[in-house]
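Quick notes on the structure that follows.
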Amino acid sequence: MLHLHFGMRGGRTALLRDTQKAPLMVIRPFELPCGTLMVFVVNPTGGVLGGDHAEIRVTVGAGARVLILTQSATRVQPSADGRPATQDIRFQVEAGARLEFHPERTIPFAGSAFRQTLTADLESGAQFGLTETLAAGRVQAGERLAFASYESRVQVSVAGRRVYLDRQRLVPGADTRAPGVWGGRDYHAAGVFVGGEAPAELPAVPGVLASGRSAGGATWVRGVTARGPQLDAALASAREALRAGLWGAAPLRVRR
């Protein structure tokens, strides 16, 4: 369980309250040159196991600027009894605040099951950005699409009105391990950005990454590649282009 409440203190973003329960915890927040407060979420164990449940709650008060990252990839371990590991994430962002969540890659091991829900409730005038990447498994170990199941549901609402909904349910089988799945590619990216006016041109890399606008006015991002570093580079470039175009935000300069 991890509950975080951010707000303004002395004209700067601060972590006002936090509740942490193993295995989830945060490293001391750091202020970036642009004034955004950066927090790393840490899981010191070897990954998530079948039957594990993680709960993350984050509230960002008016005027605050928050960036949440994860220290390492989410490694979903095999489930001996078939039960999925579950994660429930809920964000609340007040008017005039900004929250960004850009976790490291999710890697489902052979025989694993994972189910995640992410819900972001924004007030009018709030800004929100999310990018995620998913591997087809431990590809280099020969575990391409060998997991039992992967499910994800992401919903973003502004002033109670849903502006974005993305649902995925992947259940590999004998046919889905054929070369045609994902076009023979092994890394997938998805993202959404809310707030600000849409730029005249949205980022795109032919054959790698595309972006567009939802009916509710959110900006979505999708990408797929054969190599993880190629996807990461394209996604990072698109992320900075959207942050600048939508919000007029300075580049994130993160040291790992």
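- Heavy atoms of other residues, nucleotides or ligands lying less than 6.0 angstrom from CZ of Arg12 number 12 at most.
- From Leu170, atom CG reaches atom OG of Ser149 across 9.0 Å, with rounding to the nearest 0.5 Å.
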Subject >> Working for side-chain contact (heavy atoms from CB on, under 4.5 Å), residues Leu235 and Leu209 >> reply: CA-CA 8 Å; Leu235 187 61; Leu209 183 141; 4.2 Å; yes
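- Using modelled atom types, no side-chain atom of Glu104 and backbone atom of Ser72 make a donor-acceptor pair closer than 3.5 Å.
- Taking the six-membered ring where the residue is Trp, Phe101 and Phe91 present perpendicular rings, their angle passing 60° and hence far from 30°.
- Across all their heavy atoms, Arg222 and Ala190 have their closest contact at NH1-CB, 3.5 Å.
- The two residues Leu67 and Leu69 make their nearest non-hydrogen contact at CD1-CD2, 3.8 Å.
- Among all heavy-atom pairs drawn from Gly216 and Arg161, the shortest one is O-NH1, 3.7 Å.
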**OP:** Any chance you could lay out the side-chain contact (heavy atoms from CB on, under 4.5 Å) test for Thr106 and Tyr150, step after step, and finish with the verdict?
**Re:** CA-CA 10 Å; Thr106 298; Tyr150 171 87; 4.2 Å; yes
**OP:** Go through the steps to decide whether Leu37 and Phe6 satisfy the test side-chain contact (heavy atoms from CB on, under 4.5 Å), and finish with yes or no.
**Re:** CA-CA 9 Å; Leu37 193 68; Phe6 298 90; 3.9 Å; yes
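- Using modelled atom types and a 3.5 Å distance limit, the side chains of Gln155 and Arg153 yield a donor-acceptor pair.
- The structure places OG1 of Thr225 at 7.5 Å from CG of Asp232, a figure rounded to the nearest 0.5 Å.
- When all heavy atoms are compared, the tightest approach of Gly245 to Pro199 is CA-CB, 4.2 Å.
- To the nearest 0.5 Å, atom CZ of residue Phe128 and atom OG of residue Ser157 are 11.0 Å apart.
- Side chain to side chain, Arg65 and Thr13 fail the donor-acceptor criterion of an N or O pair below 3.5 Å.
- A donor-acceptor pair under 3.5 Å is formed between the side chain of Glu123 and the backbone N or O of Ala95.
- The closest side-chain heavy-atom distance from Val192 to Val221 is not below 4.5 Å.
- Remark: the Glu132 side chain and the Gln116 side chain contain an N/O donor-acceptor pair separated by less than 3.5 Å.
- For the side chain to side chain contact (heavy atoms under 4.5 Å, CB included) criterion with Pro29, the lone passing option out of Ile68, Val66, Leu15, Asp18 is Leu15.
- Ring to ring, Phe109 and Phe147 are not that close: their centroids are 6.0 angstrom or more apart.
- Between Glu151 and Arg167 no salt bridge is recorded (no basic side-chain N to carboxylate O distance below 4.0 Å).
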Original post:
How far apart are the C-alpha atoms of Thr86 and Arg115, what are their side-chain angles, what is the distance that settles it, and do they pass the side-chain hydrogen bond (donor to acceptor under 3.5 Å, both in side chains) test?
Top reply: CA-CA 5 Å; Thr86 61; Arg115 184 171 66 241; 5.3 Å; no
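- The two atoms that bring Pro108 and Ala135 nearest to each other are CD-O, 3.4 Å, heavy atoms only.
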Subject >> Worked check of salt bridge (Lys or Arg N to Asp or Glu O under 4.0 Å) between Asp186 and Arg227 >> reply: CA-CA 7 Å; Asp186 295 316; Arg227 296 177 60 252; over 6 Å; no
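- Under the side-chain hydrogen bond (donor to acceptor under 3.5 Å, both in side chains) rule, His3 has a single partner from Gln20, Glu55, Lys21, Arg17, which is Glu55.
- Donor-acceptor pairing under 3.5 Å is recorded for the side chains of Thr131 and His102.
- A cation-pi arrangement, defined by a distance under 6.0 Å to the six-membered ring centre and an angle within 45 degrees of its axis, is present between Arg28 and Phe30.
- Thr219 and Arg213 form a side-chain donor-acceptor contact under 3.5 Å, judged by distance and modelled atom types alone.
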Subject >> Test side-chain contact (heavy atoms from CB on, under 4.5 Å) applied to Gln87 and Val48, step by step >> reply: CA-CA 10 Å; Gln87 182 163 264; Val48 294; 5.9 Å; no
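- A salt bridge links Asp88 with Arg57: the distance from a Lys NZ or Arg NE/NH1/NH2 to an Asp or Glu carboxylate oxygen falls below 4.0 Å.
- In this structure, CG in Leu99 is found 11.0 Å from CD in Gln127, a value given to the nearest 0.5 Å.
- Side chain of Thr59 to main chain of Gln92: no donor-acceptor pair is present (N/O by atom type, distance under 3.5 Å, no hydrogens or angles).
- Looking at heavy atoms from C-beta onward, Val158 lies in side-chain contact with Val194 at the 4.5 angstrom threshold.
- The heavy-atom pair separating Val26 from Leu2 by the smallest distance is CG1-CD2, 3.8 Å.
- One distance of note links CE of Met1 with NE2 of His53; it measures 10.5 Å at 0.5 Å rounding.
- Taking CG of Leu242 as the reference point, atom CH2 of Trp247 lies at 8.5 Å (rounded to 0.5 Å).
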